[in-house]
Amino acid sequence: MKHPLPRPAALIFCLCLLLGLVSVFPPAAARGAGKTLTLYTAMTATTPQIPLWAAIRGGWPEGRELAVEYWKSLDDLRALVLAGKGDIWVGHLEGFAQAAGRGAPVTLVAVTGWKKFYFVQAGGAEGPGGLEDIAAALRREGMPLTVAPRDSPAIGILEELERSGGPSFPIESMPPQQAMLAMIRGSRPCALLPEPLVSALLAKKPGLRVAANLESEVARRFGGPARLPLVGIAVKTSLLREDPALVRGLARALRTAAEDLAGRPAAEALAVLPQSVRLAFGDDVLEASLSRDLILALPAWEVRREVLAFLGMVLPESFPPHKPGLPESFFLLEDECFNPQPAPSAD
């Protein structure tokens, strides 16, 4: 005859069994605890990564080490994301979307780059100008508009403006250094560049001026705020599944950091950047770029429509507005911790 265990012994036995199961099957967050995360970013992504570095200075990712690597081109970024190399990426949204459309495990956490592209011309005072004035100047010179970098999403945006009835003009795509040198030498009448390259060019040749802003031209044509979702921060989708609290904590930290830094002097915002990024351009150039840029970080679910509209402009064949072709996992979904529901009334 089998005798049941005495009650205290039975409790101890059950507790030991439970602890054993926990050690064999630890929670998802525990499985990732202590793992070094690899961040891939770009030296030229200045304002879009300011909220990220502020979040890191504030303690994110808690309990994890962070290794930092740099990508050099949009092709390089796409290859990294497609291969699943890295855990966190700072990069162009069209690159993330192209990789996701080909099956890459990438989830957009937040958009942090919004207002980057400016038309730079020789002579005169800064603005207000417009695309029609720029087109007229190009026709007078008999020259194309110089656009850098070669894979700039600005080219797709210009084509969308033309399709909607905007002015038409030829475009010449160049690497950034070549485009800047052409403007300094005066061999090109106008260039469309992103910040901080605009401020770097103006510092090298003060006679140049900012004639117009591309995002403002889009707003003038289509309505809405003068911004476009250009650059964002994404994570490997498996990291979200492994530790959702870590990723949602990043979305929260990015927004908080951006809101805090947006109203502060430029020097305080630049102080969070790595020294290597600051040395690459110089603080004077970076402070000037912040006068034309936006420090803004919005979670992916809030700007989903804007992102899809942007992709429809820059990659209309791959991401038509009516059928964007992106997996559901591409956008980080809203969580109750961001918008807690009020407790039910006692009545």
Side-chain angles (χ1 to χ4, degrees), residues 37-61 64-74 76-78 80-81 85-96 106-117 149 153 176 194-200 227-236 239 246-247 249-262 264 266-283 285-300 303 307 332:
L37 300 175
T38 301
L39 162 67
Y40 276 93
T41 184
M43 198 71 72
T44 54
T46 49
T47 306
Q49 61 178 322
I50 282 176
L52 176 60
W53 288 109
I56 291 168
R57 285 196 173 202
W60 189 91
R64 303 282 191 101
E65 295 295 322
L66 200 62
V68 181
E69 303 284 349
Y70 291 93
W71 55 265
K72 298 177 177 61
S73 68
L74 191 55
D76 188 23
L77 172 66
R78 275 192 298 262
L80 289 168
V81 178
K85 191 172 181 180
D87 301 288
I88 308 134
W89 302 283
V90 178
H92 298 77
L93 265 61
E94 72 273 18
F96 291 149
V106 55
T107 297
L108 180 66
V109 175
V111 176
T112 56
W114 295 93
K115 195 171 185 179
K116 304 294 293 180
F117 292 102
E195 284 288 7
L197 296 182
V198 170
S199 294
R227 71 186 195 194
L228 289 170
L230 300 165
V231 183
I233 295 170
V235 299
K236 189 185 292 185
L239 179 62
L246 183 81
V247 177
L250 173 59
R252 186 187 301 109
L254 290 171
R255 173 175 235 160
T256 299
E259 289 174 350
D260 180 56
L261 289 171
R264 294 180 178 271
E268 292 187 30
L270 297 181
V272 307
L273 286 172
Q275 194 65 21
S276 56
V277 175
R278 296 174 66 178
L279 289 173
F281 289 96
D283 281 1
V285 167
L286 293 178
E287 285 195 27
S289 75
L290 280 176
S291 70
R292 283 180 282 270
D293 215 333
L294 290 176
I295 299 178
L296 178 67
L298 296 178
V303 292
V307 171
L332 180 66

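The residues of the chain are indexed from 1 along the displayed sequence. Remember, predicted model here, so these are calculated numbers, not experimental data.
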So does Ala253 get a backbone contact from the side chain of Thr256, meaning a donor-acceptor N/O pair under 3.5 Å?
no
Are Thr46 and Pro196 close enough that some pair of their side-chain heavy atoms sits under 4.5 Å apart?
yes
Test side chain to side chain contact (heavy atoms under 4.5 Å, CB included) applied to Ala200 - qualifying residues, sequence neighbours left out:
Met180, Val285
Locate the shortest heavy-atom distance separating Leu108 from Ala234; write the atom from each residue and the value.
CA-CB, 4.0 Å
Are any non-hydrogen side-chain atoms of Thr41 and Leu52 less than 4.5 angstrom apart?
no
If you take all heavy atoms of Ala257 and Ala55, which pair is closest and at what distance?
CB-N, 4.3 Å
Between Leu93 and Pro229 the two heavy atoms that sit nearest each other are CD2-O, 3.5 Å
Sequence-distant partners of Glu268, salt bridge (Lys or Arg N to Asp or Glu O under 4.0 Å), two or more places apart
Arg264
Thr107: what forms a side chain to side chain donor-acceptor pair (under 3.5 Å) with it, not counting sequence neighbours?
Thr237
According to side chain to side chain contact (heavy atoms under 4.5 Å, CB included), who are the partners of Glu94, at least two apart in sequence or on a separate chain?
Leu74, His92, Pro153, Phe310, Leu311, Val314, Leu315
If I take atom CG from residue Leu270 and atom CG from residue Asp283, how far apart are they, to the nearest 0.5 angstrom?
5.5 Å
The side chain to side chain contact (heavy atoms under 4.5 Å, CB included) partners of Arg57 (sequence neighbours excluded) come to Val272
How long is the span from the CZ atom in Arg255 to the CG atom in Leu296, to the nearest 0.5 Å?
8.5 Å
So NZ of Lys85 and CG of Asp76: to nearest 0.5 Å the spacing works out to 9.0 Å
Heavy-atom closest pair, residues Trp89 and Val106
CZ3-CG2, 3.9 Å
For Ala45 versus Pro48, what's the shortest heavy-atom pair and its separation?
C-CD, 4.0 Å
Check Val277 against Leu286 and note the closest heavy-atom contact, atom names and distance.
O-CD1, 4.3 Å
Applying side chain to side chain donor-acceptor pair (under 3.5 Å), can you list everything that pairs with Thr112, at least two apart in sequence or on another chain?
none
Say you draw a straight line from CG of Leu66 to OG1 of Thr38; how long is it, rounded to the nearest 0.5 Å?
8.0 Å
Sidechain-backbone polar pair: Gln49 side chain, Trp53 backbone, donor-acceptor under 3.5 Å
no
Student check: side-chain heavy atoms of Val81 and Phe96 closer than 4.5 Å:
yes
Sub-4.5 Å side-chain heavy-atom contact between Leu197 and Phe281
yes
Would you say the side-chain atoms of Trp60 pair up with the backbone N or O of Leu246, donor to acceptor, closer than 3.5 Å?
yes
Kindly compute the distance separating NZ (Lys116) from CG (Leu230), expressed to the nearest 0.5 Å.
8.0 Å
CG (Leu77) and NZ (Lys72) are apart, to the nearest 0.5 Å, by 12.5 Å
Hey, does the side chain of Ser199 reach the backbone of Ser289 with a donor-acceptor pair shorter than 3.5 angstrom?
yes
Test your reading of the model: is there a side-chain donor-acceptor pair from Trp71 to the backbone of Arg78, 3.5 Å cut-off?
no
Short question: side chain of Lys236, backbone of Gly86 - any donor-acceptor pair under 3.5 Å?
yes
Taking the side chain as C-beta and beyond, is there a heavy-atom pair between Leu294 and Thr47 under 4.5 Å?
no
Validation row: Leu298, Arg227 side chains within 4.5 angstrom (heavy atoms):
yes
